[in-house]
**Student:** 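What follows is a single structure, and I will ask about it in a moment.
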Amino acid sequence: MTVATLAAEKALDQVSELRPTERVIDRLLRRKGAVFGGAVLLIFILTAIFAPLIAPYDPTATNWLAVRKPPSDLYLLGTDEIGRDVLSRVIWGARASLLAGVTSVAIALALGLPIGLVAGYKGGWVDGLLMRMTDAMLACPFLILAIALAAFLGPSLTNAMIAIGISAMPIFIRLTRAQVLSVKVEDYIEAARAAGNPHLRIALRHVLPNVVTPIMVQATLTIAAAIIAEASLSFLGLGQQPPAPSWGSMLNVAKNYLHQAPWMAMWPGLAIFTCVLSFNLLGDGLRDALDPRQK
Amino acid sequence: MLAFLVRRIAVIIPTVFFVSILIFGLQQLLPGDPALAMAGEDRDPKLIEFLRQKYHLDQPLPIQYFLWIGGVLHGDLGESIRIQKPVFELVLEKLPVTMQLACMAIIIALSIGITMGIISAVTKDSPWDYAANVIALWGLSTPNFWLGIMLILLFSVELGWLPASGYVSPFENFGESFRTMIMPAFVLGNAIAAVMMRHTRSAMLLVLSADYVRTARSKGLSERRVVLRHGLRNALIPVITLGALEFGQLLSGAVLTEQVFTIPGFGKLIVDAVFNRDYAVVQGVVLITATTYILLNLLADIAYFLVNPRMRA
């Protein structure tokens, strides 16, 4: 047996001695992509929180003497069609995007988790009815349903978040139901039932904690999709309304000035791409770290 | 087969019913009086009264629903307030444009996605595999409207090779139509290629470790023949059926792509309708896309049933 093999076995022994949560964190930290995604995400979150301190200019302040100025020492990422600083708007745009991503998924979770729990736990006609309703929502393409909802609710960031949340809800209903179906036949649920616990207590205390993990992974990946959806709705004019900054609405304006000011289109898109990529990397890493088949 | 079809259709009917309730319910989200919202800024009392009568807004909700769904079942999806044309006619007018874009996008997505998936699976854990995974992650994380803008910047503004916007029918000028549509089709196909690559990779990895592939290898067949004849043929079954489920993403992507490249298709129709408060068009488009998605799902299930002998057992 070589020294390397012995060292590897010792490391494995140490990992197996860890508690489940520590083991998942340990596995997550071994994944370079997930660590990179998490680090970039942290930068975005800090940027969003400290936007007023970091942004060099007021994101809505216009300057008619600095219209469509290319990147320079004064304006690091240039200015837009009415002289606003692109860097400041990209920094403030992080707030709208992260807020929209997290809030939409929170709405989807708040609605989808209880419905999925009821469908999976109750079964029978309740399950059948809820699943057909979920199928109906899944049949409408995600963005088209979000556009329709945002159109009828009226264009605003709040309504865009509600529309994205409702459109993303069926994924969580389906996932929660599938998890509940596999957990509710476990012996410990049977034992809880035999001990005379009421259904609500069994569902909330015994079933729910055991189905949360894969739902959290899905939530991380859905935040990425929600950020793209918010940017898409804002790009179409159905999300964040001017003059408030958002990456999607900045791109909507920028597409009209590609000849004169290409920098206007470059940076907000790069911000969306980097933010979504970090969520995807973190989500993929979390999924692998939580997969019991992975060592 | 018949029992399978009956079972699937029995599930579809209530789903379609709930889709219709969902789409009809959208109108109830309008703040205040729907007739006022539909009339727009003019608020002409005659128009408001006309709209109230036309959409039976003075009737109780269940009656409104039955009158609406009765019309839908007879092919009447309502009329566009702005363009003064039946919604069904408008959709049929725009559909060929989006179909052309979607077909080109699917061809691009399948060619890139399946090729990359095979390379990635065959060279598992090699630099090629990592490169293919990075490209797939890039495809999944890039908003297609931004990719579209960047490609316009490069190929239209900087190099001047391709037109930045517009649409030419292939029946008018095939070459020009191809030149106009290739950039939007690539943008639309890009994200789907990433999904197809991931599907193909996992299906190929599963198939390549199967006993019959080991047998094929032990018979001394060339690796190329093993991968393409024995591996890919079987791996493609789930890939193609899963591909049908990407239809929703394709249509969602088409809305944005058509907006970036100013293509007068299905997606632009719904966006214009939203801004013109043409709610009947919005409802009609959502209803048609949802129904098409359900039918495509059914076709994918039937295809899977027909090509997979284990399901017939």
**Student:** Rounded to the nearest 0.5 Å, what's the gap from CE on B:M150 to CG on A:L251? Could you check?
**Tutor:** 7.5 Å
**Student:** Most heavy-atom pairs under 4.5 angstrom with chain B, which of A:A148, A:P268, A:G269, A:A265?
**Tutor:** A:G269
**Student:** Among B:L26, B:I21, B:T289, which residue forms the greatest number of heavy-atom pairs with chain A at distances under 4.5 Å?
**Tutor:** B:L26
**Student:** List the atom of B:V274, the atom of A:I147, and the distance in Å for their closest heavy-atom pair.
**Tutor:** CG2-CG2, 3.8 Å
**Student:** Between A:M266 and chain B, with a heavy-atom cut-off of 4.5 Å, which part of the residue counts as in contact: side chain, backbone, both or neither?
**Tutor:** both
**Student:** Restricting to non-hydrogen atoms, name the atom on A:I228 and the atom on B:F145 that form the minimum distance, rounded to 0.1 Å.
**Tutor:** O-CE2, 4.5 Å
**Student:** Under a 4.5 Å cutoff for heavy-atom pairs, which residue among B:L256, B:V285, B:I294, B:V286 has the most contacts with chain A?
**Tutor:** B:L256
**Student:** Would you mind checking which part of B:F17 comes under 4.5 Å of any heavy atom in chain A, side chain (CB onward), backbone (N, CA, C, O), both or neither?
**Tutor:** neither
**Student:** Heavy atoms only, distances under 4.5 angstrom: which of A:P155, A:A231, A:G33, A:S278 has the most pairs with chain B? Name it, please.
**Tutor:** A:A231
**Student:** Is it the side chain or the backbone of B:V16 that comes within 4.5 Å of chain A heavy atoms, both, or neither?
**Tutor:** neither
**Student:** Any chance you could measure B:L153, atom CG, to A:W263, atom CH2, to the nearest 0.5 Å?
**Tutor:** 11.0 Å
**Student:** Can you tell me which portion of A:N252 sits under 4.5 Å from chain B's heavy atoms? Options are side chain, backbone, both or neither.
**Tutor:** neither
**Student:** Heavy atoms only: give me the nearest A:C140-B:L22 pair and the separation to one decimal.
**Tutor:** SG-CD2, 3.8 Å
**Student:** Just give me the residue among A:L236, A:I227, A:L153, A:I272 that pairs up with chain B most often, heavy atom to heavy atom, under 4.5 Å.
**Tutor:** A:L236
**Student:** Suppose a student defines contact as a heavy atom less than 4.5 Å from any heavy atom of chain A. Which residues in residues 132-139 of chain B would they list?
**Tutor:** B:L137, B:W138
**Student:** Heavy atoms under 4.5 Å from chain A: which residues of residues 259-273 of chain B carry them?
**Tutor:** B:Q259, B:V260, B:I270, B:V271
**Student:** Quick check: closest heavy atoms across A:L129 and B:F18, and the distance to 0.1 Å?
**Tutor:** CD1-CZ, 3.5 Å
**Student:** Which atom pair, heavy atoms only, marks the closest approach of A:N280 to B:S141?
**Tutor:** ND2-OG, 3.1 Å
**Student:** Please find the pair of heavy atoms, one from B:W146 and one from A:L270, that lie closest to each other, and give the distance.
**Tutor:** CZ2-N, 3.5 Å
